[in-house]
Every structure is written in structure tokens, then in C-alpha cells.
Undergrad: 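Below is a structure I'd like to ask you about.
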Amino acid sequence: GKEIEEHLTQEIEELIAQKIPYKLNTNLEVKFQKVSESTLLDQEWQPIFDVIRVETEKKFEEYKGFAYSFHPEPLQIIIKTDLNTPKWFRNSNKKANQIKKYVNKIIELKRKELSIKEIPYEIIVRDKNTKKIK
């Protein structure tokens, strides 16, 4: 937060002062560039994505990969699997729904633990032909 930013500013100013051999009669100002919203979201959510990757792979042998996208909204969390697209609707989504529920639980737990604000997201499970399982 603010203290970290002030500490960093002080550190940077000291480093600059050490590099300049003589005193200037001006105050050096250090400006921080604002990070874009999507970069911040990306950084915030990385630990959640890491846990999703690791835990989903452990729990579901069908898991084959992970992707995400903040644009367009809502955040899309994509779980790639080697599931077959079932011929009968009801068998299809049984495993896909288990995966969705599991990933959803991870997101909710980690989001609270890391105090990350709630944003809309959608969990998409893809079959081995990269089709979205409904």
C-alpha cells in the first residue's frame, strides 16, 4: 500500500542521490506510473490460477490444460480436458460439472484468503476437440 510506495520512493531517491556526485539545487521527484486495471487483475489472480492448475491436475486425470482471458468480460477460466463430447447430454456434463464445482470452490476460497475483490467470472470446460461442454 501507501507505506510500501513511500519506502520505495525513498529507496529510489537515495539510489539516485548516490549516483549524482554533486548536489543539485533541485528536488528530485520520483513518479510512479499507474498500472493498468487489467495488469493489476492479472497479477492479483495469478496465485489463484496457479492453485487451479496444480489442484485440478491432481484431482482430475481428464485435466489437460488451463487458460484464462479477462477480455471480453467476464473473466473466462478455461479448463482443457480430454473428455469426449458425449452422445447423451446427461453423461456429458457430469464430469465437466464436477470440474466446474471444484474450480469454483478453489476460486472462492483463494479469493477470500487473498482478499481479492469479487469480479464476474465464468468457468468453461472444453472437451478434447476444444468444444465447450455445456
Undergrad: For Thr39, enumerate each residue passing the side chain to side chain donor-acceptor pair (under 3.5 Å) test, keeping only those at least two apart in sequence or located in another chain.
TA: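 Partners of Thr39 under the side chain to side chain donor-acceptor pair (under 3.5 Å) test: Ser36.
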
Undergrad: Distance from Ile107 atom CD1 to Ile119 atom CD1, nearest 0.5 Å?
TA: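 Those atoms lie 9.5 Å apart.
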
Undergrad: Under the rule for side chain to side chain donor-acceptor pair (under 3.5 Å), what residues qualify as partners of Lys131, not counting sequence neighbours?
TA: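 So Lys131 forms no side chain to side chain donor-acceptor pair (under 3.5 Å) with any residue.
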
Undergrad: Taking only residues at least two apart or on different chains, which pairs with a member in residues 65-79 satisfy salt bridge (Lys or Arg N to Asp or Glu O under 4.0 Å)?
TA: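 Found none.
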
Undergrad: Do Thr81 and Tyr63 touch side chain to side chain, with heavy atoms closer than 4.5 Å?
TA: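 No - every pair of side-chain heavy atoms lies 4.5 Å or more apart.
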
Undergrad: For a quick test of reading the model, state the closest non-hydrogen atom pair linking Val125 to Ala96 and the distance between them.
TA: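 Nearest heavy atoms, Val125 then Ala96: CG2-O, 3.8 Å.
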
Undergrad: Can you name the side chain to side chain donor-acceptor pair (under 3.5 Å) partners of Lys132, sequence neighbours left out?
TA: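 Listed in chain order: Glu122.
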
Undergrad: May I ask you to list the residues sharing a hydrophobic cluster with Ile124, side-chain cutoff 4.5 Å, ordered by chain and number?
TA: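 Same cluster as Ile124: Ile78.
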
Undergrad: Is any side-chain heavy atom of Lys128 closer than 4.5 Å to one of Asn84?
TA: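 Touching, per the 4.5 Å side-chain cut-off.
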
Undergrad: Side-chain donor-acceptor pairs under 3.5 Å in residues 49-57, sequence neighbours left out?
TA:
unit_1, atom_1, unit_2, atom_2, d
Asp50, OD1, Arg53, NH1, 2.9
Glu55, OE2, Lys58, NZ, 3.1
Thr56, OG1, Ile52, O, 2.6

Undergrad: Begin with the C-alpha distance, continue with both residues' side-chain angles, and end with the deciding distance and a verdict on side-chain contact (heavy atoms from CB on, under 4.5 Å) for Trp45 and Ile77.
TA: CA-CA 11 Å; Trp45 278 75; Ile77 293 169; 4.2 Å; yes

Undergrad: By salt bridge (charged side-chain N to carboxylate O under 4.0 Å, His left out), which residues pair with Glu113, not counting sequence neighbours?
TA: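 Salt bridge (charged side-chain N to carboxylate O under 4.0 Å, His left out) list for Glu113, sorted by chain: Lys110.
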
Undergrad: Of all residues at least two apart in sequence or in a different chain, which pass the salt bridge (charged side-chain N to carboxylate O under 4.0 Å, His left out) check with Arg111?
TA: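 Arg111: salt bridge (charged side-chain N to carboxylate O under 4.0 Å, His left out) contacts with Glu108, Glu118.
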
Undergrad: Should Leu109 and Ile79 be counted in the same cluster of Ile, Leu, Val, Met, Phe, Trp and Tyr side chains packed under 4.5 Å apart?
TA: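 Different hydrophobic clusters.
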
Undergrad: Restricting to non-hydrogen atoms, name the atom on Pro74 and the atom on Pro120 that form the minimum distance, rounded to 0.1 Å.
TA: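 Shortest heavy-atom contact: CB-O, 3.5 Å.
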
Undergrad: What salt bridge (Lys or Arg N to Asp or Glu O under 4.0 Å) pairs are there with at least one residue in residues 59-69, not counting sequence neighbours?
TA: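 The answer is Glu62-Lys95, Lys64-Asp82.
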
Undergrad: Is a side-chain N or O of Asn97 found less than 3.5 angstrom from the main chain of Asn93, in a donor-acceptor match?
TA: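 Between the backbone of Asn93 and the side chain of Asn97 there is a qualifying donor-acceptor contact (under 3.5 Å).
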
Undergrad: On a heavy-atom basis, which atom in Lys100 and which in Ile133 lie closest, and how many Å separate them?
TA: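 Lys100 and Ile133 have their closest heavy atoms at NZ-O, 4.1 Å.
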
Undergrad: So, using salt bridge (charged side-chain N to carboxylate O under 4.0 Å, His left out) as the criterion, who are the partners of Lys80 when residues are at least two apart?
TA: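 If we apply the salt bridge (charged side-chain N to carboxylate O under 4.0 Å, His left out) test to Lys80, skipping adjacent residues, there are no hits.
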
Undergrad: Hey, does Ser69 have a side-chain heavy atom less than 4.5 Å from the side chain of Leu75?
TA: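 Not in contact.
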
Undergrad: Could you tell me how the ring of Tyr68 sits relative to the ring of Phe66: parallel (under 30°), tilted (30 to 60°) or perpendicular (over 60°)?
TA: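 Tilted, since the angle between the ring planes falls between 30° and 60°.
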
Undergrad: By the ring pair (Phe, Tyr, Trp, His ring centres under 6.0 Å) test, which pairs, at least two apart or in different chains, include something from residues 100-122?
TA: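 Found Phe60-Tyr102.
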
